[in-house]
2 protein chains.
Amino acid sequence: MFSKACEYGIRASIYIGQQSADQGRRVGLRDIAAEIDSPEAFTAKVLQLLVRAGLVTSVKGPTGGFELTAEQLRTVTLRQIVLAIDGGEMLQGCALGLRQCSAQQPCPLHYQFLAIRDQLNEVLRTHTVGELAGKVHDGLGFLRQFS
Amino acid sequence: MFSKACEYGIRASIYIGQQSADQGRRVGLRDIAAEIDSPEAFTAKVLQLLVRAGLVTSVKGPTGGFELTAEQLRTVTLRQIVLAIDGGEMLQGCALGLRQCSAQQPCPLHYQFLAIRDQLNEVLRTHTVGELAGKVHDGLGFLRQFS
DNA sequence: CAAATACCGGATAAATTTATCCGGTAATCA
DNA sequence: TGATTACCGGATAAATTTATCCGGTATTTG
């Protein structure tokens, strides 16, 4: 559905959000990669994208790391994360790969997938990172496999 | 959403279906690739998968080519095509990449994506290649871009 | 039977995605 | 100020996906 990069990006930002909401704790890369079970260096690349897009905040040096500001917690949606990493392909492109699929010239599944895509967009648009962080904090959601 | 291979596979099988329904016309690779605007050799690989899976029929030699039997037209669903090419990843896997995402240990978006995935499965399960071929035949759907 | 046709299947190459490495820079702290 | 910490960013490598090539085999037709 999403690329690996995007999966890591979503999980990472939710974890960062959880720690930020929890007494404003800043988290380092090593910590993040361990907690969401992702490759450290690759996760760093993905986080750089999110930082550049203004969706995550980073601080260098000792006591540095990644965090979400109160505003980021409140306003950053999953949709923004996905767009920053994967672009709009999955959110807008034709399921059958037609370059211009529209009501004028629809693929045979245009309207069926329009409905699915609408629902996907709705889910991504209406969930903030902060909200999902809360869910993880309350033990109602997980970011990696616990055996 | 789907891989390129899968996009080609779906478009190709619908086109084959359309020609088969239309006076049982068998179609060759060159023809298919031209009609759905896909790379010929790669499309051949994808079609081999579908033939091996029993979803498409092929005939060698002159006057040979690909076709869908009456039964294939009636019974083969998009879901079977997608499974044969992309496997169950998109249809079953966790959107956030967790190896075992379930009600026992759900990702923070488990139930939201469950709904989306259900709808996707439903669309793929309830549409046969033959039905979509009819839609294309009636000019209600297209398999490539016509400028 | 011989020639032509068209799918089959293995090998190979190009492109993209995923993943790693390492020196550079900014920030903290003693 | 000097040492350490931790993100930044470019280069590189591995893995996967996408795409191509070409000889092999089955089938039709003359």
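The sequence lines fix the lettering, A, B, ..., with proteins before strands; numbering per chain opens at 1.
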Next item on the list: List for me each residue that meets ring-ring contact (aromatic ring centres under 6.0 Å, His included) alongside B:Tyr111, sequence neighbours excluded, and say none if there are none.
Entry: none
Margin query: Looking at B:Glu122 and B:Arg125, is any side-chain nitrogen of the basic one under 4.0 Å from a carboxylate oxygen of the acidic one?
Written below: yes
Check: Is the closest basic N to carboxylate O distance between B:Lys4 and B:Glu7 below 4.0 Å?
Finding: yes
Checklist line | Contact letters for nucleotides 5-16 of chain D, in which S counts primed atoms plus P, OP1 and OP2 and B counts the base, heavy atoms under 4.0 Å | finding: BSBSBBB-----
Next item on the list: May I ask you to check whether over 12 heavy atoms, not counting those of B:Gln100, lie within 6.0 Å of atom CD?
Entry: no
Next item on the list: State whether the number of non-hydrogen atoms from other residues, nucleotides or ligands found under 6.0 Å of B:Arg30 atom CZ is greater than 12.
Entry: no
Measure from [atom1] on [X] to [atom2] on [N] and round the result to the nearest Å.
| X | N | atom1 | atom2 | value |
| --- | --- | --- | --- | --- |
| A:Glu40 | C:dA19 | CD | P | 13 Å |
| B:Asp37 | D:dT18 | CG | C1' | 15 Å |
| B:Ile85 | D:dT18 | CD1 | P | 11 Å |
| B:Asp86 | D:dT18 | CG | C1' | 13 Å |
| A:Leu49 | C:dT18 | CG | P | 12 Å |

Notebook entry, point to check: OP1 or OP2 of C:dT18 sitting under 4.0 Å from any side-chain N/O of A:Tyr8?
Noted result: no
Checklist line | Minimum side-chain heavy-atom gap A:Leu55-A:Val129 below 4.5 Å | finding: no
Check: With respect to the side chain of B:Lys4, which nucleotide from C:dC21, D:dT18, C:dT18 is positioned closest?
Finding: D:dT18
